[in-house]
Protein chains: 2
Amino acid sequence: MVNLELYRVFYTVARCGSLTKAAEELYISQPAVSQAVKQLENQLGTSLFNRMHKGMELSKQGGELIYADVERALQLLSGVEDKLSELKQSATGTLRIGASETIFQYILADKIVAYNKQYPQVKIDLISDVSPKIIELLKTDHCDVGFLNLPIEEDEGIRLNASVALLNDVFVAGEAFSELKDKELTVWDLQKYPLLMLEQNTVARAAINHYAESLGAVLRPAVEVGSWDFMKRLVTDGMGIGCLPREYAQRRLRDGELFELNVTPAMPSRSVGLALAKNASMPFSLRAFINLVTGEPHA
Amino acid sequence: MVNLELYRVFYTVARCGSLTKAAEELYISQPAVSQAVKQLENQLGTSLFNRMHKGMELSKQGGELIYADVERALQLLSGVEDKLSELKQSATGTLRIGASETIFQYILADKIVAYNKQYPQVKIDLISDVSPKIIELLKTDHCDVGFLNLPIEEDEGIRLNASVALLNDVFVAGEAFSELKDKELTVWDLQKYPLLMLEQNTVARAAINHYAESLGAVLRPAVEVGSWDFMKRLVTDGMGIGCLPREYAQRRLRDGELFELNVTPAMPSRSVGLALAKNASMPFSLRAFINLVTGEPHA
DNA sequence: AGTTCCATATAAATTTCGTTTATATTATAG
DNA sequence: CTATAATATAAACGAAATTTATATGGAACT
């Protein structure tokens, strides 16, 4: 099997028509080129050049037969470098974003639209799944950037980036509970009402538990729902008091379909984090998206 | 500029999906492969593989983008080896034969027909020119094998191969000189008749001069002609006595249009030599032709 | 013809770079 | 929790490419 570097020398010599000129172009000495050519000829078992007094000329039965193929091969390999370098320098390729459906809808939607407007060349794949799955997708290179509800346990292989957005969990109710409007409430008061919460093993649910626990209380859901949308629907219909991020109910709060309870102390805000695979590369398209989302130029 | 050997490692690893297996295939150690991959990744500034617990997988934003191009390039370069190796092992390509028109006609014609019949795949270029020009064409790689009227001065850059055919110069005449039939003649007798010879600066003419000189005589042409064909025509028409290789007049001698004079001593025979460029390669097509012409298996 | 110039070829010393050996690390499977 | 199977790392080694110096050879010029 022939050392591929020899083909580069061959090609340069053929193009220059001279060992000396090729040596200059390759930034190596003339004897090095001379030896390389000879080595290639030996290994291929054929003479490739005619040695002329004025230089080197492709031989008809050797070099000339292979020149075009060698040229094409070297162009391809050089193109490979260009392709990867372009990926780092301009907005091309594909960007795969992973997040929960909710995060897409309430936090990323505007950003994604803006990004697409600025970089229409970049194909965007939106992968909607729960946080643990997103982490898995990041680590298996099925996703370039993920957005996760924090906190989440440390994971080797994931780089977590400071919070991208804050989620402020609040308790909300509909007209059926209008007597609670403007009342100052505590967690203990809430215990008397039917509560709607997201199902177990979610960050949101863990946040509620932790909140109540830190006050020495326990909050039990009357109803567990699978999605915020469904919770909002049920709470609006008067089924009980819901606990959800204010950001996810902005329209209904503004329109008065729901109102926010004045509970003291307020639940600590949670944050949405940006996660990257630890070993992943950082194409331009990804960097640009991160900048746009974090609002900051970013390494 | 990236060391092209690294692409071979990259490709093997990608194909094997494993550093270890690639190392076996490449007959080098696993760490060598590991380092080569890392080096390529560094030089390209991109991660190319996802390191899995079970092996290596092309990364979506790196290796996968370049794999096809690298594969194509390596196939081309591997094809280059095949192409040249095939040239040495089977009858393909082009064979460029140089000789004088006469040699083609009277010595090589049959051989070329036979060769073409046996190796129809080989394209044959016949280059007809005088011997010094043929030597030039051999040295400048415009011709693969040449046939020359010997003797010819030694030439660096040309390998002369023992004689391929003998040319026996004889004196011939037509009916106008029928009184000479069966007479025993010497060079002195010839001086009395009008002689037709080929023009100066030809091997044939030099042979006549040398022959006469060696006997202490001088033969001067009454007519100098530019080609054997023309000489035969004029001699047949009774213009004088011609001197030419018997081999070039076989038909007219057989048909009785010309007869051969019985001159003593006979002119020494000249030979036709096969010449190759000293540094030229020896593709199968060429070797086969030489074998056919010399009638012998041949290095 | 002789000399100079310009090209490639060759030889030996050196340095670089790839390779190996040995070991660490990590994750999955049993 | 150990065993296995993969990749990663580090240091020592060795082969191979490069350089320096020189040889060789032909063409052009005087």
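Here is how names work: the chains are called A, B, and so on, in the same order as the sequence lines, proteins then strands, and each is numbered from 1.
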Item to check | Pairs satisfying salt bridge (Lys or Arg N to Asp or Glu O under 4.0 Å), at least one member in residues 136-147 of chain A, at least two apart | outcome: A/Arg96-A/Asp141, A/Arg96-A/Asp144, A/Lys139-A/Asp155

Next on the checklist: Minimum heavy-atom separation for A/Met1 and A/Gln43, please, with both atom names.
Outcome noted: O-OE1, 4.0 Å

Checklist entry - In whole Å, what is the span from the CD atom of A/Gln43 to the P atom of D/dA16? => result 11 Å

Checklist outcome for this item: From CD of B/Glu57 across to P of C/dA27 the rounded distance in Å is 17 Å

Item to check | For atom CG of A/Asn42 and atom P of C/dA9, their distance in whole Å | outcome: 12 Å

Between the protein and nucleotides 16-19 of chain C, are there any N/O to N/O pairs under 3.5 Å, and if so, what are the atom names and distances?
residue : atom : partner : partner atom : Å
C/dG18  : OP1  : B/Asn3  : ND2          : 3.4

Checklist entry - Taking it one step at a time, do B/Glu101 and B/Ser128 satisfy side-chain hydrogen bond (donor to acceptor under 3.5 Å, both in side chains)? => result CA-CA 5 Å; B/Glu101 190 55 50; B/Ser128 146; 3.0 Å; yes

Checklist outcome for this item: By side chain to side chain contact (heavy atoms under 4.5 Å, CB included), B/Ile28 pairs with (sequence neighbours left out) B/Leu26, B/Ala32, B/Val33

Checklist outcome for this item: note: A/Phe49, atom CZ; C/dA9, atom P; distance rounded to Å ~ 10 Å

Checklist entry - Do side-chain atoms of A/Thr46 reach the backbone of B/Leu84 as a donor and acceptor pair under 3.5 angstrom? => result no

Item to check | Those residues that, when tested against B/Lys123, pass salt bridge (Lys or Arg N to Asp or Glu O under 4.0 Å) (two or more places apart) | outcome: B/Asp125

Checklist entry - Please give, in whole Å, the distance from D/dG25 C1' to A/Asn50 CG? => result 17 Å

Checklist entry - Rounding to a whole Å, what distance do you find between B/Lys278:NZ and C/dT8:P? => result 21 Å

What are the atom names and distances for every N/O pair under 3.5 Å that joins the protein to nucleotides 1-7 of chain D?
residue : atom : partner : partner atom : Å
D/dT7   : OP1  : B/Leu19 : N            : 2.5
D/dT7   : OP2  : B/Thr20 : N            : 3.0
D/dT7   : OP2  : B/Thr20 : OG1          : 2.4

Checklist outcome for this item: Residues at least two apart in sequence or cross-chain that pass side chain to side chain contact (heavy atoms under 4.5 Å, CB included) with A/Leu58, listed by chain then number, are A/Phe10, A/Ala14, A/Phe49, A/Glu64, A/Tyr67

Checklist entry - Is A/Arg8 salt-bridged to A/Glu5, cutoff N-O under 4.0 Å? => result yes

